[in-house]
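Everything on this sheet refers to the single structure shown next.
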Amino acid sequence: MSVRKKSISPVLWPLFGLIALVVLNLVLNHGFLKITILDGRLYGLPIDILNQGARGLVLALGMTLVIATGGVDLSVGSIMAAAGALAAVLIVKGCGLTLALGAGIGLAIAAGGANGLLVARLGIQPIVATLILMVVGRGAAQLITNGEVVLINNPTFEFLGNGHFLGLPFAPLLAGGLFIAAHLFLRRTAAGLFIEATGDNEQAARFAGLAAAHVKGLVYVFCGLCAGLAGLMAAANIRAADSYRMGENMELDAIFAVVVGGTALTGGRFLLLGAFVGALLLQTLTTTMYNLGVPPAVAPVPKAVLILVVCLLQSSHARRWFGGLFKKGGVA
Amino acid sequence: MNEASPGPLLQLRGVGKRFPGVIALAGVDFTVRAAEIHALLGENGAGKSTLIKVLTGVYEASEGEISFEGRAVRPGSPKEAEELGISTVYQEVNLLPALSVAENLLLGRQPGLGGFINWGATKRHAREALLRLGLDLDVEAELGTLSVALQQMVAIARALDLNARLLILDEPTASLDEHEVAELFKVMRRLRDQGMGIVFVTHFLDQVYAVTDRITVLRNGTLVGEYLTADLPRLALVSKMIGREVNDIAGRSGELPAPDDAAPVIIESRGLTRRDALHPLDLTLRRGEVTGLAGLLGSGRTETARLLFGIDQADGGELKVRGEAVRMASAREAVRLGLAFCSEDRKSEGILPNLSVRENLILALQGKQGIWKTVTRVEQEALCAHYIAALRIKTPDAETPIKNLSGGNQQKVLLARWLATKPALIILDEPTRGIDIGARAEIEALIGRLRADGLAVLLISSEIEEIVRNSTRVVVLRERRRTADFQGHAIEPEALMRAMAGASPVNGGHS
Amino acid sequence: MLMNLKRIISLTATAFMLFTTCGLRAEGAAAKPLVVGFAQTGAESAWRTANTNSMKAEAEKRGIKLKFADGQGKQENQIRALRSFVTQGVDAIVVAPIVETGWDPVLREAKRAGIPVVVMDRNIQTDDKSLFACYIGSDFYKEGSLAAEWLVKNAGARTRIVELQGTPGSAAANVRRKAFADAIAKSPAFKLIDSQSGDFRRSGGKEVMEAFIKKHGKEIEIVYAHNDDMALGAVQAIEEAGLKPGKDIIIVSIDAIKEGVQAVVDGKINVVVECNPLFGPKVYDTIAKLKAGEPVERTSYNVDEVFDSTNAAARIGERQY
Amino acid sequence: MSPRFRQRIPLLATAGIFLVLFISAGLFYEGFLSVRVAVNLLADNAVLGIVATGMTLVIFTGGIDLSVGAVVGFTSIFTATLIARGVHPALAAAAALAIGAGLGAGMGVLIHAFRLPAFLITLAGMFLARGGAFWISTESTGISHPLCNTLSGYELVLGPAALPTTALVLLATLIAGYVLAHHTRFGRNLLALGGNENSALLMGLPVGTTKIAAYTLNSALAALAGLVATLYTGSGNPSTGAGLELDAIAVVVIGGTLLSGGRGHMVGSLLGLLVFGTIQTALLFDGRLSSWWIRIVVGLLLLAFILLQRVMLRGAAGRR
């Protein structure tokens, strides 16, 4: 990442936010950053944040690419629920783990494909197109589980959400690995360039001979894949598929993480590292709420403030306006 | 001047408009009298749009004075201009297709009390306003269901209904057919006879001669002159618009080889056509030749390029690349077949503003190679270094976002983007527009090198001298048709201009 | 445009009226089997699903036609369902209210239509007791008290408690919290050191417990969870912290779903207080009495038991849910 | 005639689908075709209907407002708490409406003046309003005040039908919304703005004021919906209206209004509301289907309508 010296700066904002939150927590709880080794694996609050944040990270990864093309995907939370539900039901029915996981991911990819079709082929606005699957997906998830919470007793499957690999929690490793793999794929192949070109100026990209429509369609497929994986991780984490609540409002968190991470909703240049930090920031915020004893119901308020601050920081109009204000104030 | 006529309706003195780094308009005088149709002419970048925007309050003039009906005015918004009595019908119909005809006519000032609309009065008023133009339309129909010509008429009716004394028509005829144009002219003449001043912007010279009384020509943001239409021959007009007296135009470069009919054909079109864009066109582009595509704005130049490159799809005719028939379905396919296209609209069809020079430069090559076969970073940097040096692109480094470069340097990056794909044919649509003279010469030199290297080049330009200097063959388009072609020494500015202007013997006779 | 619109409206209205009047005539015909409308809160937990299944299965057994409405966690939906039941002229209505207030207007409609309403599971706050026939509930207060009593008897020297609350505002959460607080107030040794909402969710229980463990460390000696799902989530969190749930930390929970009782058998949860979801038989018995004009108890509770290491293994076989 | 008919196809289609749905439900389910069901369709969907009316105005401008559901919840608990503390209901209602309008105006200003995406700003508004609601109280609060009781007990008897207050408020809002959208300059300006902001500017319309007013009005209507919800249940509940914004958007889109703005009809939103309500009622009458089917059916209907609109737009573009 060091190559891109200029693009680091947007990542600094969420990074500052993250550091500020960590400091706040440290003041309130000196053991906040303490990591010990327990039963041969790392253990501590930061590890929890990583572990619980892993799903959000995976979602943010997919969402980053969708937003980079100037779109948005509201259906990820529902896709999570549907993929988790299908895998859980299949496991309970005694299908092989591979088949169950494959089916869950397959469903998610199909859902992403449907989104991509509506957006890229039929030219429907992303919000509307993905709203459809947001509604239908959750219904489908409940249909699959018959409205029940499906318990999963499968240690191998559980590993996806709770396992440890060489003493490190598996879920964040998986998420981190995905980020690295995605980064390598996007930056070592031309995929990243194609996505950024499509998002920056779709018409010019098409004129330069890129298949902009394909690019747009495929990012939704990838986003669906990420959502499916996140759904499986969520189910594995609690050894149960809760089609009713799983992934609820996660689409908003994912969009939020991406925007906080410095990728503009208008598309173009994307920052995987920024989305990574943004998603971590969000999970740290949640944990901070627990730490401070803030009732979860009031937790939305700090989120709202964060969104507003980030929006204003990113808007050139706002900066100009505040700049003018500051200048006037300075003169007076 | 006619003694009976009162003072001028509108008078501009020394009006200029500067944007950061650009002078769009400098010291222009412009006078419109009541009861005349006044053509405002000039090629792209001449400053027509800027002048109109200053008049209608979209822009504020940086300098100069405007007086309307004898009073000094300075409209600050379209609304203020309308209140003064200056109404405008824009090139793109600036109405709302989803609303009804009546609403479009009266939006923002529907009759009624306290913000509530009296629909009966609205419809009646709209019907009357249209009847005044001789139109009997269903005013409740959605505007979008009408033909563009009728929409244009609604826009005119809206403008007139504002109690306008000066009507500005900004290229109202661009998408009208002959019959519709005739109807429009009837209305324009009627309005003139009622005492209205009309500014008519168009690029169809036939229309200028058909309907206008007076002509003002702009070029590069400055005034060329004001003429009585009847006194200005067509050829003279073209030369004024293009910016050279016929005799001034520099001759052909001596290096240009004679056209070679045996040279391999890269691309060949037979009867290529698209409704509302291009009449059936035959075109043959050969290796090692620069084919100039000349014609005034709106003659079908860019449309031809878009069809050849697969941006738009043809309704009919066939296209062969190296002898094989192809269905050019997308730009992607065109690139794969070894074509390249530098669009005239750099901003919306060329650059990726926030991406770096490097990324902009390798985009087409990478697109051609696909997602897996990447141009390595080393190759990318080598390509950048090569083209930055070869084309003398002025940029701090290859990682600078392209939006920070000047227009000329952006253009060179786009040229480099296409050259990097090693194309067999490159289409250059206005490659030197908005570029300073130094860069211009470099780009022209480059065109020569490309030809020498064996590329086929299709050069589209509104600058005749550019065509003359660089082309081995020239095809002239007028009104979306191929009207003439020239080879070798026959490529002469005057002949070209005649073909472009479609000069009738009467008008063109005495130059 | 307007004319067209008016035509659409009038057309719609006419058709509407036409069919509505037809409908009026058809309304008289009553169906033979007993029709019961059941407005459930949603499907938010295993307990809830067991509750729904009990109601459905028992209705089928008795030949009752059950109209089931899932509120998807929204009171609006439940009220809509109730009103629809009134419209449909069902013989009786069963409602498991999602919140305690806000039922008076719709209950008044039911009363006017002469349809008896049985409130199930959570109670309703109202000044007008005549609005519903009876309440068959889980005694949340008793459940909370039982949990606290068990602790007083069995906790020994361990006193410091963290609480995993249910969904904020829900009756179960409010009452279980209050009952527990009242009970331990009598034994000053106990101390509630932290309390957060886990939303009755397994993932919520796990996430909150993880934070608690890091925040309070070894201080936590007892976990009181408002339902088994959260307790099971907490068990996972405790295990992952390298501690032994049920031994290092005492876990007290409410609901007694099968998985919860199994955890007691396995020694991971110390005690679960039953909150019996199998309301079906009792509800339909009551409805039968109401229809026959017999008196019914105003408030009655499902019998709730306590399962701990002494009896869990023996009783696990009976658990249906 | 044909083009005029054509431009009304979405509206007619929605009306047709509503009739087909309603009649077939009537054939399937005994007692469905009754005045009561028809009245309940209005009374039970009053909150959604009022919110959808406001949302229609915002969508006319090409915007979107995700905060409405949360504003409903906030208003509900806010007024109930005030009334429970002895404030007069009228005063509490006025305060709630003012807060709603204030929030909307704030969001409108941010969206217009700083060119911020409406999606994010109203998302922040949603978090603020929902957080504020839970901050006031996490528990539902019952209210008992003579005025409220009178209002909630009132019914306007029209022949066989008795319209409760909630239904009357909904009807009044819809009529006011219809008049505003189709019979005032402001309403037409909304559509003009959504059709093409630049054109609207060139036509000399007050773009900024109109846009901000749309968000203000929408939030005020959401607050009104919150008041209706409070009256409807006789209690305030901070979680009222969760997910309502998406239902409202769906109702508007089913009603044939284009989400990108510039084209739509208030009557469409009423029809959308009736379709939505009919599906829900039919499912309740059925009583066997699980509630998830409602999501699936509504989602698929949404898809069908959007595709229909798409085809129509393509047709319109093709003719040009």
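Chain naming here is simple, since letters A, B, ... match the order of the sequence lines and numbering starts at 1 in each.
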Problem set entry | Shortest non-hydrogen contact between A:F185 and B:I371, atoms and distance | CZ-CD1, 4.0 Å
For this session: Carefully, step by step, assess B:R306 and A:F207 under the rule side chain to side chain contact (heavy atoms under 4.5 Å, CB included).
Result: CA-CA 10 Å; B:R306 290 171 68 100; A:F207 271 61; 3.7 Å; yes
For this session: Determine whether more than 12 heavy atoms belonging to other residues, nucleotides or ligands lie under 6.0 Å from atom CZ of A:F16.
Result: no
Seminar exercise, completed: Across all chains, not counting sequence neighbours, the side-chain contact (heavy atoms from CB on, under 4.5 Å) partners of A:L193 are B:L355, B:E359, B:I362, B:L363, B:Q366
Seminar exercise, completed: Assert top hit (heavy-atom pairs under 4.5 Å, partner chain A, pool B:I311, B:N360, B:I351, B:L365) equals B:I311
Problem set entry | B:N354 side, atom CG; A:E196 side, atom CD - distance, nearest 0.5 Å | 10.0 Å
Exercise. Of all residues at least two apart in sequence or in a different chain, which pass the side chain to side chain donor-acceptor pair (under 3.5 Å) check with B:E268?
Worked result: B:R270
Seminar exercise, completed: A:A190 and B:G370 have their tightest heavy-atom pair at CB-O, 4.1 Å
Exercise. Taking B:L339, B:T374, B:L352, B:T376 one by one, which has the highest count of heavy-atom pairs under 4.5 Å against chain A?
Worked result: B:L352
Problem set entry | Contact class of B:R336 relative to chain A, heavy atoms under 4.5 angstrom | neither
For this session: Select all residues of residues 413-422 of chain B having any heavy atom within less than 4.5 Å of some heavy atom of chain A, and report them by number, or 'none'.
Result: B:R417, B:W418
Exercise. Does B:K347 have any side chain to side chain donor-acceptor pair (under 3.5 Å) partners at least two apart in sequence or in another chain, and if so, which?
Worked result: none
Problem set entry | Separation of A:R206 CZ from B:R332 CZ (nearest 0.5 Å) | 13.0 Å
Exercise. Contact part of B:S330 toward chain A, heavy-atom cut-off under 4.5 Å: side chain, backbone, both or neither?
Worked result: neither
